[in-house]
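We count ligands from 1, going down the list as the structure has it; atoms in each ligand are counted the same way.
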Amino acid sequence: MPQPLIERYREYIPLEPGDPIVSINEGSTPLVPAPRLSERIGANVFLKIEGANPTGSFKDRGMTVAVSRAKGRGAEAVICASTGNTAASAAAYAVRAGLTGAVIVPEGKIAIGKLAQALIHGARVIALEGNFDDALLIVRELAERHPIELVNSVNPYRIEGQKTAAFELIDELGGPPDALSIPVGNAGNVTAYWKGFQEWNTSPIMYGFQAAGSAPLVIGAPVAKPETIASAIRIGSPARWEEAMNAFNSSGGRVAAVTDEQILDAYSWLATNEAVFCEPSSAASVAGLLTHGLQTIDGMAKPETVVCVLTGHGLKDPDTALGTAPSVISCANSITAVEHAVFD
Ligand code: AN7
């Protein structure tokens, strides 16, 4: 039987004794070798398929813990700001816990699959005439004013759940990878991996990648109007800024930018070469390695084992897939027409 991650890593997760476990059997996601990518990068590269979580993204790891604690302390509702995946996950775990959920998303700027998820789970979905950063400021204030649990990654229980992905890597590889490559938006996930690695006294090199139009950590200042096709990481003012920079700096890694074109190239290349369909934001981790290589600071050995975190499933964003891939071939209803269509 698949095991909820809270049970798998119980002793490392600081829930209270009476808290229920609100779970949809998240975590324990596949770690897939990527032979062709390994060849291009010049290292042994693995893909951590976080799209295999119950709602199709890594957010479920944090949500199971945050919602379990919320339920344990008697909350009746949860709220978040989201570029889509947090909304989908919060909506699902709210159902599981018997709580009501409200999600605030930037109007017109979240992938259609994520919107469908939040709606079908019955969350109240509010499209804000503003971006993610505006939405996060508003929900932080609302959670102060009302008895509603904030489940964005500013909630420490989100980080406690998400750090288990680092534990799984150490378990499965028989030790930490030499380096981790990860897309960065609000910077919760890189913070979580680093915490997980540190708790097991390991320090892989942390490479973080932001979309060039939304790269505050690379520029060193917030971006007022972030833009990128990778809508999940269209974030201009990351909440976990210092923690993320600490992870990059103290691991000998770095944060760098990749253009939308580089992201989309990596996205289709992964689908056609490694048979892995992730969402565009996730492909930033691969685009970053392909663009910037495995850079190390002086005196540090070149990483041999590298994990790319593919944070969300490609089905979340069918519009980008259809806009990127070759077109469907229309065909008359006859064997010769099909023969031409298939073989010409
Ligand atoms: C697929 O759902 O911020 O650096 O509101 O959905 O921890 O923010 C999503 C972020 C990477 C960036 N990949 O992670 C949200 C949200 C995918 C994501 C990120 C997100 P963080």
A.B. asks: Considering the heavy atoms of V184, write down every atom of ligand 1 situated less than 4.0 Å from one of them.
C.D. replies: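 Listed by number with element: 4 (O).
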
A.B. asks: Do you know which two heavy atoms are closest between P183 and S285, and how far apart they sit?
C.D. replies: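 What the structure gives for the nearest pair is CD-CB, 3.8 Å.
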
A.B. asks: To the nearest 0.1 Å, how far is atom 7 (O) of ligand 1 from its closest protein heavy atom, and which atom is that?
C.D. replies: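 Of the protein heavy atoms, N189 N, 2.8 Å lies nearest.
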
A.B. asks: State whether a side-chain donor-acceptor pair under 3.5 Å links T311 with E50.
C.D. replies: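 No, because no side-chain N or O of T311 sits under 3.5 Å from a partner of the opposite role on E50.
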
A.B. asks: Nearest protein heavy-atom contact for atom 19 (C) of ligand 1: which residue, which atom, what distance?
C.D. replies: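 Nearest protein contact, heavy atoms only, for atom 19 (C) of ligand 1 is I233 CG2, 3.6 Å.
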
A.B. asks: Report the part of T191 in contact with ligand 1, treating N, CA, C, O as backbone and CB onward as side chain, heavy atoms under 4.0 Å; options are side chain, backbone, both, neither.
C.D. replies: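 T191 to ligand 1: no contact under 4.0 Å from either part.
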
A.B. asks: Check each atom of ligand 1 against the heavy atoms of F132 and keep those under 4.0 Å away; list them by number with element.
C.D. replies: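 Going through ligand 1 atom by atom, the ones under 4.0 Å from F132 are 5 (O).
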
A.B. asks: Is it the side chain, the backbone, both or neither of I235 that has a heavy atom closer than 4.0 Å to ligand 1?
C.D. replies: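 The answer is the side chain of I235.
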
A.B. asks: Donor-acceptor pairs under 3.5 angstrom involving side-chain atoms of residues 186-194: please list them, not counting sequence neighbours.
C.D. replies:
from, atom 1, to, atom 2, distance (Å)
N186, OD1, A239, N, 2.9
N189, OD1, Q162, NE2, 2.9
T191, OG1, A187, O, 2.6

A.B. asks: Which protein heavy atom lies closest to atom 5 (O) of ligand 1, and at what distance to 0.1 Å?
C.D. replies: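 So the nearest neighbour among protein heavy atoms is T83 N, 2.8 Å.
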
A.B. asks: Would you mind checking which non-hydrogen protein atom is closest to atom 6 (O) of ligand 1, with the distance to 0.1 Å?
C.D. replies: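 Among all protein heavy atoms, the one nearest atom 6 (O) of ligand 1 is N85 ND2, 2.7 Å.
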
A.B. asks: Number the atoms of ligand 1 from 1 as they appear, then name those within less than 4.0 Å of a heavy atom of T86, with their elements.
C.D. replies: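 Going through ligand 1 atom by atom, the ones under 4.0 Å from T86 are 2 (O), 5 (O), 15 (C), 16 (C).
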
A.B. asks: In chain order, what residues pass the side-chain contact (heavy atoms from CB on, under 4.5 Å) check against I170, with sequence neighbours excluded?
C.D. replies: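 Once residues adjacent in sequence are excluded, the partners of I170 under the side-chain contact (heavy atoms from CB on, under 4.5 Å) criterion are P176, F197, W200, T202.
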
A.B. asks: For the pair H292 and F209, name the ring-plane relationship: parallel under 30°, tilted 30 to 60°, perpendicular over 60°.
C.D. replies: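 Rings of H292 and F209: parallel, as their planes differ by under 30°.
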
A.B. asks: Measure the spacing between CD1 of I41 and CG of L290 and express it to the nearest 0.5 Å.
C.D. replies: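 So the CD1 of I41 and the CG of L290 are separated by 4.0 Å.
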
A.B. asks: Quick test: of every protein heavy atom, which one is nearest to atom 14 (O) of ligand 1, and how far off is it to 0.1 Å?
C.D. replies: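 Ranking protein heavy atoms by distance from atom 14 (O) of ligand 1, first comes F58 CZ, 3.5 Å.
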
A.B. asks: Using the rule given for side chain to side chain contact (heavy atoms under 4.5 Å, CB included), can you reason through F132 versus T86, listing the C-alpha separation, both sets of side-chain angles and the distance that settles it, and then say yes or no?
C.D. replies: CA-CA 11 Å; F132 170 85; T86 301; over 6 Å; no

A.B. asks: At under 4.0 Å between heavy atoms, is it the side chain or the backbone of A187 that contacts ligand 1, or both, or neither?
C.D. replies: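 Just the backbone.
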
A.B. asks: Any nitrogen or oxygen of G188, main chain or side chain, under 3.5 Å from a nitrogen or oxygen of ligand 1?
C.D. replies: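 Looking only at distances, the answer is yes, because the N/O contact criterion of under 3.5 Å is met.
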
A.B. asks: To the nearest 0.5 Å, what is the distance between CD (E279) and NZ (K114)?
C.D. replies: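 These two atoms lie 3.5 Å from each other.
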
A.B. asks: Looking at E279, which atoms of ligand 1 are within less than 4.0 Å of one of its heavy atoms?
C.D. replies: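 Numbered from 1, ligand 1 contributes 1 (C).
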
A.B. asks: Could you tell me the residue and atom name of the protein heavy atom closest to atom 8 (O) of ligand 1, and the distance to it rounded to 0.1 Å?
C.D. replies: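 The closest one turns out to be N186 N, 2.7 Å.
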
A.B. asks: Regarding E76 and T100, do their side chains bring together a donor and an acceptor under 3.5 Å, going by distance alone?
C.D. replies: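 Note: E76 and T100 side chains miss the donor-acceptor criterion.
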
A.B. asks: Looking only at heavy atoms, is any part of K316 under 4.0 Å from ligand 1, and if so is it the side chain, the backbone, or both, or is it neither?
C.D. replies: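 Contact part for K316 vs ligand 1: neither.
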
A.B. asks: Please assess T83 against K109 for the test side-chain hydrogen bond (donor to acceptor under 3.5 Å, both in side chains), listing each intermediate value before the final yes or no.
C.D. replies: CA-CA 7 Å; T83 56; K109 295 290 187 180; over 6 Å; no

A.B. asks: Can K71 and E149 be counted as an ion pair, charged N to O under 4.0 angstrom?
C.D. replies: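 Looking at K71 and E149, the cut-off is not met.
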
A.B. asks: Among all protein non-hydrogen atoms, which one is nearest to atom 17 (C) of ligand 1, and what is the separation to 0.1 Å?
C.D. replies: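 Scanning the protein heavy atoms, the shortest distance from atom 17 (C) of ligand 1 goes to T311 OG1, 3.3 Å.
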
A.B. asks: I want to confirm something. Looking only at heavy atoms, which of E50, Q162, K59 is nearest to atom 3 (O) of ligand 1?
C.D. replies: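 It is K59 whose heavy atom sits nearest to atom 3 (O) of ligand 1.
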
A.B. asks: Nearest to atom 18 (C) of ligand 1, what protein heavy atom do you find, and at what distance?
C.D. replies: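 For this ligand atom, the closest protein heavy atom is A232 CB, 3.5 Å.
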
A.B. asks: What do you reckon, does S82 have a nitrogen or oxygen under 3.5 Å from a nitrogen or oxygen of ligand 1?
C.D. replies: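 Yes, S82 has an N/O under 3.5 Å of an N/O on ligand 1.
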
A.B. asks: I'd like to know whether ligand 1 has S153 as a neighbour, heavy-atom separation below 4.0 Å.
C.D. replies: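 The answer is no: ligand 1 sits nowhere under 4.0 Å from a heavy atom of S153.
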
A.B. asks: Are E160 and Y12 close enough, and set up right, to give a side chain to side chain contact (heavy atoms under 4.5 Å, CB included), and what steps lead you there?
C.D. replies: CA-CA 8 Å; E160 295 296 333; Y12 302 95; over 6 Å; no

